[in-house]
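Below is one structure, written out as structure tokens; comments come after it.
Predicted model, so just to flag it, every value in this text is computed and none were measured.
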Amino acid sequence: MENPSRHPAQDPAQPPARGLPAPPALGAAALPPGTYEGQVVLVTGGGSGLGKAIAAEFARLGADLVIASRRARQLKAAREELAAVPGAGRVTAAVCDVRDPERVAEVFDAAQAAVGLPDVLVNNAAANFPSPAEDLTPGAWRAVVDITLTGTWFMTREFGRRHLAAGTPGSIVNIGASYAWTGGPGFAHSAAAKAGVKNLVETLAVEWGPYGIQINGLVPGLFPHPDLPEAITAGLAGGTGDGPGGGPGDGPGGALGGGLDARQPALRVGAPRELGWAATFLASPYARFVTGHTLVVDGANWQRRTVVNPELTPLRTQLGRGPFTP
């Protein structure tokens with residue numbers, strides 16, 4: 001019987017693998033111009049990274065934006081950048097710790113006074129860092145779960161209650177992670193929190209659907225961008241490329257090196273605007289019958305398998321940790 005681990009030489013008659021085509025250039029939109037004119041979109045974690053990229057695509061379609069983040073300086077720069085996006089409506093910013101329900105309510109109050117009750121909520125705020133599960137302290141666990149899951153719930157609850165009271169429809173997009181399905185070795189805290197976020201999508205779609213509120217999940221693959229935490233970029237540059245993700249830019253692997261492209265079935269990483277286009281669709285009038293669904297935008301990376309599994313490297317070894325000591 002032929003050894004399945006051996007790969008036959010490529011047939012010279014077959015064209016070389018080129019992967020999925022590159023996306024349209026930055027500035028293109030996935031929906032008709034003005035789709036979000038007169039609509040207010042609130043994005044948590046909107047001051048940097050993928051949150052800012054998502055906010056930019058809503059702005060391009062005419063939305064009034066409210067971006068929320070814990071860092072005031074970051075928000076100021078992002079607000080100026082987003083206001084300059086062609087087609088953008090009004091852009092306001094709010095310092096917000098999503099773990100504080102009173103502050104969450106204040107942000108909604110301020111948004112409603114400035115631009116109106118948000119029609120769309122994008123729950124993008126999250127925390128993460130790699131660690132063996134046994135090394136996680138109670139404080140480290142809470143730091144991630146309280147932002148990623150509890151903070152998402154506080155924002156969602158406030159949004160839902162206000163729309164239920166007003167009798168108005170609304171749309172929520174929760175940013176998730178594929179290890180909500182698969183488990184996430186090295187990210188037990190984040191994987192558990194994201195599994196909860198995914199379950200909120202499925203639960204609230206049924207509870208709130210009768211009142212015109214839809215809720216969906218959106219899972220990014222590798223989207224390199226300059227705002228990734230150092231602990232994550234270090235893992236991507238030297239590790240498997242399978243962690244939660246992002247990375248800088250459009251080129252082959254971005255600043256993290258071309259090796260990332262070769263680890264993806266698409267033979268490239270994603271451009272942040274591609275995630276933004278998916279978010280604008282899920283919250284749009286064109287997706288009104290889509291609710292309770294989680295859309296994965298990762299070039300099929302989370303479904304990748306090998307015919308024969310490689311030799312296992314224990315997680316502590318992968319992260320450069322020595323033997324566990326209590």
Using modelled atom types and a 3.5 Å cut-off, is there a donor and acceptor pairing between side-chain atoms of [X] and backbone atoms of [Y]?
X      : Y      : value
Asp261 : Val269 : yes
Thr317 : Thr313 : no
Tyr36  : Thr280 : yes
Arg161 : Thr156 : no
Arg60  : Gly87  : no
Lys198 : Ser178 : no

Quick one: do [X] and [Y] end up in the same hydrophobic cluster if we chain Ile, Leu, Val, Met, Phe, Trp and Tyr together by side-chain heavy atoms under 4.5 Å apart?
X      : Y      : answer
Leu164 : Val206 : no
Val296 : Ile54  : no
Leu61  : Leu65  : yes
Val120 : Val43  : yes
Val144 : Val98  : yes

Heavy-atom distance under 4.5 Å between the side chains of [X] and [Y], does that happen here?
X      : Y      : value
Val66  : Val115 : yes
Arg18  : Leu267 : no
Thr35  : Tyr286 : yes
Asp146 : Trp141 : no

Measure the spacing between [atom1] of [X] and [atom2] of [Y] and express it to the nearest 0.5 Å.
X      : Y      : atom1 : atom2 : value
Leu204 : Ile172 : CG    : CD1   : 6.5 Å
Gln214 : Ser284 : CD    : OG    : 8.0 Å
Arg321 : Leu315 : CZ    : CG    : 8.5 Å
Arg103 : Phe154 : CZ    : CZ    : 15.0 Å

- Item | Partner of Leu275 under side chain to side chain contact (heavy atoms under 4.5 Å, CB included), chosen from Leu295, Val297, Asn124, Asp298 | Val297
- Task: Using only heavy-atom distances, determine whether the side chains of Arg162 and Gln112 contain a donor-acceptor pair under 3.5 Å.
- Result: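 There is such a pair between these side chains.
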- Return yes if a side-chain donor-acceptor contact under 3.5 Å exists between Asp135 and Ser131, otherwise no.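 There is no such pair (donor and acceptor under 3.5 Å, judged by atom type) between the side chains of Asp135 and Ser131.
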For [X] against [Y], the heavy-atom pair lying closest together:
X      : Y      : value
Val201 : Ile215 : O-CG2, 3.5 Å
Pro220 : Gly176 : CD-O, 3.4 Å
Val104 : Asp97  : CG2-O, 4.4 Å
Ile67  : Leu75  : O-CD2, 3.7 Å
Ala125 : Thr44  : N-OG1, 2.9 Å
His163 : Thr168 : ND1-OG1, 2.7 Å

- Message: Angle between ring planes, Trp181 versus Trp302, binned at 30° and 60°: parallel, tilted or perpendicular?
- Response: parallel
